[in-house]
Colleague: 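Here you go, one structure.
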Amino acid sequence: MQSITVHHADASTELEAGATAIQALKALEAIRGSVVAARVTTPDGTSSQWDLDREVPDGARVACIYAETEEGRAILRHSTAHVMAQAVTDLFPGAKWAIGPPVEDGFYYDFDVERPFTPDDLERIEARMTELLREKQRFVREEVAKDDALTEFADQPYKAEIISLVDDGTILSQVDAPDPVAAGQDPTFTVYRNVRQDGEVAWSDLCRGPHLPDTARIPAFKLLRAAGAYWRGREDQPMLQRIYGTAWESKKALKAHLEMIEEAKRRDHRKLGRELELTHQPDELGPGLAIFLPNGAIVRKQMEDWIRDETLARGYVPVYTPHIAKEDLWRISGHLENYGELMYPGMEVENASYRLKPMNCPFHILAFTSRTRSYRELPLRIAELGTVYRYERSGVVNGMLRARGFTQDDSHIFCRADQIVDEVVGCIEFARDLYAAFGLGEPSRVAVSTRPEAKSIGSDEQWEYAEKALMEAAARSGYDYVIDEGEGAFYGPKIDIHARDAIGREWQLTTIQVDFNLPQRFDISYVGEDGEKHQPFMVHRALFGSIERFFSVMVESFNGAFPTWLAPEQVRVVPVAADFDAYAGEVAAALRTQGVRVHLDAADGTLGAKIRDAQTSKVPYTLVVGSSEAEARTVAIRAYGTDQQRKDVPLDGFVAEVAAEIAAKRPKDG
RNA sequence: GCCGGGAUAGCUCAGUCGGCAGAGCGAUUCACUCGUAAUGAAUAGGUCCGGGGUUCGAUUCCCCGUCCCGGCUCCA
């Protein structure tokens with residue numbers, strides 16, 4: 001009898017040849033929880049995910065993949081996607097399947113069906129899935145040759161296409177495709193069969209795997225929504241019907257996730273914007289356009305004041321530029337050619353056509369070229385809060401997170417090539433300070449986007465230099481950056497910085513881009529030490545990104561309860577009865593003198609109702625004053641979100657305290 | 001732009017199997033003058049998104065458009 005050796009951590013053991021991953025893990029006493037699959041490292045050093053029931057090779061190192069890890073959940077979700085596809089096949093004969101990978105927090109599967117799915121369909125599919133889970137179908141892995149795979153999936157055109165794509169070397173990043181193969185190597189395809197207890201094959205799918213041992217190991221799942229999605233994510237391809245679902249290692253974890261979704265709905269900036277009278281987006285205005293109501297405008301003003309002050313302090317110079325310009329400017333800049341479909345149409349005036357600006361760059365270039373520039377002026381950092389208008393496709397507009405008119409804290413830094421790294425480092429550190437000030441903590445993701453495969457301008461040397469400069473700057477800033485291949489702008493590579501909000505969602509906010517297009521197109525130059533003309537590089541950066549988007553992210557992150565320094569109304573003074581209106585007025589005046597935004601609630605109504613109003617308005621501090629306070633010149637303080645009070649606090653003390661908190665311009669807990 | 005779902009009072013929503021539309025909150029007025037999350041009463045408020053069609057009659061059914069929502073694609 002042949003035997004093999006397997007390892008885990010420091011332990012090793014001998015097993016009969018043909019032993020599976022789960023047998024190895026058991027023999028090695030390596031299991032410490034709910035295990036969904038194994039990670040197997042073969043003697044040649046290749047590490048991959050492994051079905052528990054799959055044979056392990058001699059010399060393998062095995063480890064558990066647990067259900068409650070992200071890696072484990074992805075496997076669980078992928079298996080759930082298969083069950084869903086089987087249910088769809090049962091209920092919708094003739095459905096064609098495309099792909100069904102796990103995604104963040106869930107999974108989806110795309111189908112080509114006669115008619116789109118309805119919410120009722122989702123319920124039926126869910127019910128059928130529950131039946132399939134009870135059947136405890138095994139996931140059985142099988143390796144098949146290309147021809148056999150093509151024969152088996154002859155009536156599944158999307159699967160056949162995947163097979164041919166892999167075969168001709170097109171790398172498909174989808175999890176459902178087999179691993180990319182090296183050129184010239186014969187690809188092996190794997191098929192997973194869902195096998196009933198009686199051995200009948202219920203369903204099969206072309207799939208890379210791995211999967212759970214059987215369907216009964218799916219503890220909790222839910223289908224969330226149906227939506228259209230292009231095959232292979234390309235607009236020129238047919239539109240399929242996608243069903244999104246989620247699956248978790250326990251009912252409790254599923255429930256927590258569903259509650260998170262509900263919480264996100266409650267925090268929606270469109271809902272809170274209306275309730276707290278921050279913003280207004282009436283139909284009369286047009287899609288993607290917004291009005292900042294007084295409450296929102298106060299918050300926005302704090303953002304603008306902060307960025308203006310900081311920008312000047314960091315050596316930027318301000319400019320103001322118009323909202324429209326003659327079409328020729330946009331022709332020179334290349335925007336009409338490369339960006340034209342995102343620009344509003346022209347306005348004909350006095351035999352010239354004018355366009356709303358989708359970007360501020362050309363204006364800042366005109367500021368640069370207003371006279372001859374010297375190398376002594378570089379880096380020249382031109383900054384503006386510039387409002388731009390982009391004719392975004394109708395389906396993408398979303399509240400103020402994706403608007404058609406928005407304001408960028410925009411700057412263009414004109415510098416020499418050797419100054420790029422320092423300048424970009426400066427931008428990243430600026431962004432870090434900005435996130436800290438506005439309560440979003442540290443950047444969560446720093447990504448360097450490289451040259452796009454499609455259209456791009458500039459020489460290889462320029463791209464290489466700029467990409468390296470960005471990576472060096474990211475590294476010098478101390479961030480573990482990732483590289484987004486081919487995601488750069490057509491005119492140069494960029495760094496995008498993301499931040500997480502209070503409920504863990506990630507948002508792309510800051511962008512820092514190197515631009516070699518515009519300096520060339522406008523043929524801009526500075527006079528160097530040598531007396532010759534030289535072309536500067538341009539670094540384009542927006543730290544908030546869009547004021548509107550950043551504002552909305554803050555609204556959702558704070559759940560509308562802004563830190564005191566940002567809050568539209570910082571303090572509300574509530575007299576317990578009209579007799580104390582005079583003292584309440586004095587309290588309000590004392591605060592107002594210190595620049596505190598205070599409102600006196602002297603109108604009719606009970607104290608309870610006024611407290612409730614103050615709380616639902618999310619005012620940071622509510623001061624209640626009555627006879628004892630008036631006599632002792634104190635206040636009773638109730639902070640937002642608590643039902644506890646600090647009583648008998650001297651008025652002067654509170655004024656100093658809140659003024660200091662506001663002056664610090666920091667979130668309370670940060 | 002594409003797929004699907006929507007639009008009724010300022011907000012959240014009910015309703016009409018086709019017969020001139022309702023609640024709660026909010027607003028206004030009056031009464032109440034109150035010690036920490038809703039005092040009571042009254043009043044006002046609607047082209048039931050817009051246009052066309054079917055019908056004796058359309059907010060309701062059909063078509064077109066606008067806008068919104070969830071995705072795809074795109075992006076700050």
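Below, chains carry the letters A, B, ... as their sequence lines are ordered, and counting in each starts from 1.
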Colleague: Hey, could you give me the OH/CD1 distance between Y479(A) and I495(A), rounded to the nearest 0.5 Å?
Modeller: 11.0 Å

Colleague: Tell me whether the rings of F438(A) and W306(A) are parallel (<30°), tilted (30 to 60°) or perpendicular (>60°).
Modeller: perpendicular

Colleague: Tell me which nucleotide, if any, is Watson-Crick or G-U wobble paired with A41(B) when both distances must be under 3.5 Å.
Modeller: U29(B)

Colleague: Whole-Å distance between C75(B) P and E235(A) CD?
Modeller: 11 Å

Colleague: Categorize L509(A) for me: base, sugar-phosphate, or nothing, with a 4.0 angstrom heavy-atom threshold over every strand shown.
Modeller: sugar-phosphate

Colleague: Is any N or O donor-acceptor pair between the side chain of Y230(A) and the base of G1(B) shorter than 3.5 Å?
Modeller: yes

Colleague: Using whole Å, what does the distance between atom C1' of nucleotide G35(B) and atom CD1 of I637(A) come to?
Modeller: 16 Å

Colleague: Over all strands shown, is V397(A) touching base, sugar-phosphate only, or nothing at heavy-atom distances under 4.0 angstrom?
Modeller: sugar-phosphate

Colleague: Determine whether N398(A) and H269(A) make a side-chain contact, defined as any pair of heavy atoms from C-beta on separated by less than 4.5 Å.
Modeller: yes

Colleague: Please classify the nucleic acid contact of T511(A) as base, sugar-phosphate, or nothing, using heavy-atom distances under 4.0 Å.
Modeller: sugar-phosphate

Colleague: Tell me if the CD atom of E114(A) is crowded by more than 12 foreign heavy atoms within 6.0 Å.
Modeller: no

Colleague: Any donor-acceptor pair under 3.5 Å between the side chain of D604(A) and the base of C32(B)?
Modeller: yes

Colleague: Which nucleotide sits closest to the side chain of L607(A): C34(B), G1(B), G4(B)?
Modeller: C34(B)

Colleague: Does R234(A) make a side-chain donor-acceptor contact with the base of C72(B), cut-off 3.5 Å?
Modeller: no

Colleague: Given C69(B), is OP1 or OP2 found less than 4.0 Å from the side-chain N or O atoms of R270(A)?
Modeller: yes

Colleague: Would you say T510(A) and Y435(A) make side-chain contact, with heavy atoms under 4.5 Å?
Modeller: yes

Colleague: Taking OP1 and OP2 of U73(B), is either one under 4.0 Å from a side-chain nitrogen or oxygen of R232(A)?
Modeller: no

Colleague: Rounded to the nearest Å, what distance is computed from the NZ atom of residue K618(A) to the C1' atom of nucleotide A37(B)?
Modeller: 13 Å

Colleague: Could you check whether E548(A) gets within reach of a base, just the sugar-phosphate, or nothing at all, counting any heavy atom under 4.0 Å?
Modeller: nothing

Colleague: Base, sugar-phosphate alone, or nothing: which one does T510(A) contact when heavy atoms must sit under 4.0 Å apart?
Modeller: nothing

Colleague: Hunt down the Watson-Crick or G-U wobble partner of G57(B), both distances under 3.5 Å, from any strand shown, or write none.
Modeller: none

Colleague: Nearest to the R390(A) side chain among C69(B), C75(B), U36(B), which nucleotide is it?
Modeller: C75(B)

Colleague: Measure the distance from CZ on F111(A) to C1' on C3(B) and round it to the nearest whole Å.
Modeller: 16 Å

Colleague: Applying the Watson-Crick and G-U wobble criteria at under 3.5 Å, what pairs with G24(B)? Answer none if nothing qualifies.
Modeller: C11(B)

Colleague: For side chain to side chain donor-acceptor pair (under 3.5 Å), just list the numbers for Q281(A) and T279(A), CA-CA rounded to whole Å, side-chain angles, deciding distance to a tenth of an Å, and then say yes or no.
Modeller: CA-CA 7 Å; Q281(A) 297 193 276; T279(A) 52; 5.7 Å; no

Colleague: Mark yes or no for a side-chain to base donor-acceptor pair under 3.5 Å between E629(A) and G35(B), with no hydrogen or angle criteria applied.
Modeller: yes

Colleague: Considering just the side-chain nitrogens and oxygens of R225(A), establish if one lies under 4.0 Å of OP1 or OP2 belonging to C69(B).
Modeller: no

Colleague: RNA chain B: D283(A) or G545(A), which has the more 5' nearest nucleotide?
Modeller: D283(A)

Colleague: Measure from CG on L223(A) to P on G4(B) and round the result to the nearest Å.
Modeller: 20 Å

Colleague: Just to be sure I understand the rule, does G399(A) reach a base, reach only the sugar-phosphate, or reach nothing, if contact means heavy atoms closer than 4.0 Å?
Modeller: sugar-phosphate

Colleague: Categorize T622(A) for me: base, sugar-phosphate, or nothing, with a 4.0 angstrom heavy-atom threshold over every strand shown.
Modeller: nothing

Colleague: Under 4.0 Å, counting only non-hydrogen atoms across every strand here, what does A227(A) touch: a base, just sugar-phosphate, or nothing?
Modeller: base

Colleague: Do E392(A) and A76(B) have a side chain to base donor-acceptor pair shorter than 3.5 Å?
Modeller: yes

Colleague: For the residue pair F111(A) and Y109(A), does the interplanar ring angle fall in the parallel (under 30°), tilted (30 to 60°) or perpendicular (over 60°) class?
Modeller: parallel

Colleague: Output yes when at least one side-chain N/O atom of T606(A) is less than 4.0 Å from OP1 or OP2 of U39(B), else no.
Modeller: yes

Colleague: Want to settle it: does L240(A) or F544(A) sit nearer the 5' end of RNA chain B, counting the closest nucleotide to each?
Modeller: L240(A)

Colleague: If the P atom of C17(B) is compared with that of U60(B), how far apart are they to the nearest Å?
Modeller: 13 Å

Colleague: Distance between the P atoms of A76(B) and G18(B), in whole angstroms?
Modeller: 50 Å

Colleague: Once you round it to whole Å, what is the distance between P of C68(B) and CZ of R402(A)?
Modeller: 14 Å

Colleague: Could you tell me the separation between the CD1 atom of I611(A) and the P atom of C34(B), rounded to a whole number of Å?
Modeller: 16 Å

Colleague: Please answer whether G71(B) and Y244(A) are stacked, defined here as ring centres separated by less than 5.5 Å and planes angled under 30°.
Modeller: no

Colleague: For Q241(A), report the nucleic acid contact type (base, sugar-phosphate, nothing); a contact means any heavy atom under 4.0 Å.
Modeller: sugar-phosphate

Colleague: Can R390(A) be said to sit on top of Y339(A)'s aromatic six-ring, NZ or CZ under 6.0 Å from centre and within 45° of the ring axis?
Modeller: no

Colleague: Is there, by distance only and without an angle test, a donor paired with an acceptor across the side chain of R638(A) and the base of A37(B) below 3.5 Å?
Modeller: yes

Colleague: Is the phosphate of C67(B), meaning OP1 or OP2, less than 4.0 Å from a side-chain N or O of Q281(A)?
Modeller: no

Colleague: Write down the partner of G1(B) under the Watson-Crick or G-U wobble criteria, each distance required to be under 3.5 Å.
Modeller: C72(B)

Colleague: What nucleic acid atoms does G286(A) come within less than 4.0 Å of, heavy atoms only: base, sugar-phosphate, or nothing?
Modeller: nothing

Colleague: Answer with base, sugar-phosphate or nothing: what part of the nucleic acid does A614(A) contact at a heavy-atom distance below 4.0 Å?
Modeller: nothing

Colleague: Looking at side-chain heavy atoms only, is the closest gap between L278(A) and F562(A) below 4.5 Å?
Modeller: yes

Colleague: Taking the six-membered ring for Trp, are Y108(A) and W97(A) ring centroids under 6.0 Å apart?
Modeller: no

Colleague: Going by purine N1 to pyrimidine N3 plus the second Watson-Crick contact, or the G-U wobble pair, all under 3.5 Å, which nucleotide sits opposite G18(B)?
Modeller: none

Colleague: From G71(B), A38(B), U73(B), pick the nucleotide closest to the side chain of M239(A)?
Modeller: G71(B)

Colleague: Give a yes/no answer on whether the side chain of N398(A) brings an N or O atom under 4.0 Å of OP1 or OP2 in G70(B).
Modeller: yes

Colleague: Of the candidate nucleotides G35(B), C68(B), A76(B), which contains the atom at the shortest distance from the side chain of P287(A)?
Modeller: C68(B)

Colleague: Within this structure, what is the NZ-to-P distance between K271(A) and C69(B), rounded to whole angstrom?
Modeller: 15 Å

Colleague: In whole Å, measure the gap between the P atoms of C64(B) and G6(B) for me.
Modeller: 15 Å

Colleague: Hey, does R274(A) reach any base, or is it just sugar-phosphate, or nothing, if we go heavy atoms under 4.0 Å?
Modeller: sugar-phosphate

Colleague: Touch check for G608(A), heavy atoms < 4.0 angstrom, all strands: base, sugar-phosphate only, or nothing?
Modeller: sugar-phosphate

Colleague: What is the nucleic acid contact for A578(A), judged by heavy atoms within less than 4.0 Å: base, sugar-phosphate only, or nothing?
Modeller: base

